[in-house]
Amino acid sequence: MSDVENSRLERLSGMLKRRGIILPAFEIHGGSKGLYDFGPVGGRIRNRVNQTWIDHWTSLGNITEISCPTVTPYEVLEASGHVGEFSDFMTDCNACGEASRADTLLEDFHSNPDALSKTDLQKLLVESKPNCPACGACDWSDISAQNLMFNTTIGAGKSGRQGFLRPETAQGMFTSFQSLYRHNRERLPFGAIQVGKGYRNEISPRQGMIRLREFNMAELEYFIDPEVDINHDFSKWNEISFTLIPDGGEEISKSLSEAVESGLIRHSTVGYFIGMTYDFLIKVGINPDKLRFRQHESDEMAHYALDCWDAEIFGSYGWVECVGIAHRGCYDLQAHEDATGKTLRARREFKEPKTIEIDGWTIEGSVAGPAFRALAGAVKEAIESLPLETQFPCEVIIASGEKVMVNPEHVKRNQKTEVISGEWFIPHVVEPAFGIDRIIWHVLDHAFDEIEKGDERYTVLRLNQEIASIDYCVFPLFEKDGMGEIARQLNNKICSKSGVISLYDSSGSIGRRYARADEIGVPVCITVDHQTLEDNTVTLRSRDSGEQKRVNIESLY
RNA sequence: GCGGAUAUGGUGAAGUGGUUAUCAUCUGAGGUUUCCAACCUUAUGUCGUGGGUUCGACUCCCGCUAUCCGCACCA
């Protein structure tokens, strides 16, 4: 980073802190790495970005918003693969207090302890009794998962259950699949969105808002039928050339429809969400020249993912990934199904019901049941797969490998016609995941404009009206001759409107007050002056053009 | 986690082993001013934290915490 960019970054960070947009959290206690406050000005910016994001997706019409707990039981994140991927299993030496990685301790007792589950590691630890590398004792605490996820205990004392603060919002949407499916009248495609906090106990949070331990995420899980081609309408992006970096290739510029048709973007829904993501980022104020989409390389992508694109935004820290759009296949729902035995599926009706003629053998329950007892189920399965020509008595090999003698009285002819109208399948998921803090950082970075005014550097935060923290400032030119009262009254009127915030400021010269408002990006300032006293008009001054126009005060009520 | 640098009012900077720590700016109050950081008066506010050396530490030494820059991992 050059000195020029560096000092701009310092001025930007200084301004964000000074004006209460983004500041280190808990600073009077010394602060804590990777934790930031959105201050009195930033809090509303975050809220408005979140709301804009929600509105953006719900406008599709088949998206519902949910909100799941951040405290998540161990089993959920074990099923999703996060426990294995995000954490190490640790155990403490009760003699000296030194913490050790369980898999490292057990290397001499197992060929690949890294691959063991927590339960197996615990068992192996108890059996093999390794000594503490620090003090030589052998007195280990129970194994706990630690590291990139925040550990917590749900419930008090020993009866408590192990849990984590969620590292992403996605899992709650997968575990709620059945409810979502019903709500959407059991019809795909549909999506669920969630905006909320996620937590990762990063080893080394760095670069301000870019890597946080507690962060704001916004995720959409869009459930689709892998066998149905969705015809997305890409025409609204025909005029836009997207900057794309394909897996292993050079940066190119292409229209979205071209990139999807050529197969560069491997799934049209991924392509559609790239377009939606582009629109959202532009809406909140990202400079389109500083935005590109990069395809994950095969070895970077999670093994189950079919395609993954990151939206990267250029700012003071270089190119930073702020959104990930991943085709996750059926991985997540499958994982929770496997772990719980619950059905997380959607139904697909066949165009033509399938008719299956069955003509073979099955068991005579009243005879075979008492005869085979516990094996009866397996015997039934084996017999139903036998050809019609089979002669009884007959020796049958059942699933467990056991041989059983089946006599004619155990069986009967099975002749029927089954009509199957459809099937159950695990939907595929396309997931756009947004790092809200990273996006807000870049919005601020792109909006932060320094212009020369005389010899001075003048700061303007060119935020879009949609996400500006303060909508209006109201100034009396002077606080005398009744101008102060009129301005206060106007300010109160504007604040009382739902969703609108106005700030009253009477201190300092009028120029200073405009400058203060510009620095935090207030789009419009309203000034009450002498003329107001005569004809009830005020001036509206625009942040970006500096232009003023007079309007009647009543038109602002 | 490893290596390097840093920590002084809200912000940005000076400075010293010696008893009221300096400046600019910001902020508050008052005045002045007919619209883009004007001016005058006045006030508030600082040595990150814990220990050590010392008669005395903001200053020297050691932990800790935080920040910034490299290395490894990620939204």
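Protein chains get the first letters and strands the later ones, always in sequence-line order, with residue 1 at the start of each. Keep in mind that what you see is a predicted model, and the values were worked out from it rather than measured.
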Base partner of A37(B), which must satisfy Watson-Crick or wobble distances under 3.5 Å: none
R211(A) CZ to C68(B) C1', straight-line distance once rounded to whole Å: 15 Å
Interatomic distance, L23(A) CG vs G10(B) C1' [rounded to whole Å]: 11 Å
Nearest listed nucleotide, side chain of L212(A), among C69(B), A75(B), U34(B): A75(B)
Donor-acceptor pair (no angle test) under 3.5 Å: R200(A) side chain, A75(B) base: yes
K33(A) NZ to U65(B) P, straight-line distance once rounded to whole Å: 9 Å
Strand partner of A75(B), provided both Watson-Crick or wobble distances fall under 3.5 Å: none
Base C74(B) to side chain R438(A), donor-acceptor N/O within 3.5 Å cut-off: yes
Residue L477(A), side-chain heavy atoms: nucleotide from U34(B), A66(B), C36(B) that is nearest: U34(B)
K17(A) NZ - C68(B) C1' separation (whole Å): 13 Å
Same-atom distance (C1') from U42(B) to U32(B), integer angstrom: 15 Å
Integer-rounded Å distance: G12(B) P and E519(A) CD: 13 Å
Spacing between I22(A) atom CD1 and U11(B) atom P, to the nearest angstrom: 16 Å
Identity of whatever pairs with G18(B) - Watson-Crick or G-U, under 3.5 angstrom: C55(B)
Donor-acceptor pair (no angle test) under 3.5 Å: R541(A) side chain, C36(B) base: yes
Among C36(B), C35(B), U11(B), the nucleotide that comes nearest once only the side chain of R18(A) is considered: U11(B)
A13(B) versus U65(B) - spacing of their C1' atoms, nearest Å: 24 Å
Pairing nucleotide - G3(B), Watson-Crick or G-U, each distance under 3.5 Å: C69(B)
N/O (side chain, S509(A)) to phosphate O (OP1/OP2, A37(B)) under 4.0 Å: no
Between G12(B) and G17(B) - C1' atom distance, rounded Å: 27 Å
Test item: side-chain donor near acceptor, D449(A) and Y458(A), under 3.5 Å: no
Integer angstrom distance from the C1' of C47(B) to that of A14(B): 13 Å
Atom-pair distance (CD on E10(A); C1' on C69(B)), nearest Å: 12 Å
Stacking check F215(A) vs A75(B) (5.5 Å / 30 deg): yes
Residue pair M276(A) / W57(A), side-chain heavy-atom distance below 4.5 Å: yes
NZ/K283(A): more than 12 non-hydrogen atoms of other groups inside 6.0 Å: yes
P-based separation of U59(B) from U8(B) [nearest Å]: 13 Å
Minimum-distance nucleotide (side-chain atoms of T459(A) versus A75(B), A37(B), U34(B)): A37(B)
No-hydrogen, no-angle side-chain donor-acceptor test under 3.5 Å, T537(A) and N552(A): no
Residue matched to U27(B) through Watson-Crick or wobble contacts both under 3.5 angstrom: A43(B)
Spacing between I526(A) atom CD1 and C36(B) atom P, to the nearest angstrom: 18 Å
Span that lies between the C1' atom of A21(B) and that of A57(B), in whole angstrom: 14 Å
Any R512(A) side-chain N or O less than 4.0 Å from OP1/OP2 of U27(B): yes
Pairwise C1' distance, G10(B) and G48(B) [rounded to whole Å]: 16 Å
Given G28(B), A37(B), C36(B), the nucleotide with the shortest approach to the side chain of Y514(A): C36(B)
Atom OH of Y557(A): over 12 foreign heavy atoms under 6.0 Å: yes
Derivation of the side-chain hydrogen bond (donor to acceptor under 3.5 Å, both in side chains) call for H296(A) and D310(A): CA-CA 7 Å; H296(A) 277 211; D310(A) 282 342; 2.8 Å; yes
Listed nucleotide nearest any side-chain atom of F478(A), set U33(B), C69(B), C36(B): U33(B)
Distance below 4.0 Å between S32(A) side-chain N/O and U65(B) OP1 or OP2: no
Cationic N near anionic O, under 4.0 Å, R294(A) to E251(A): no
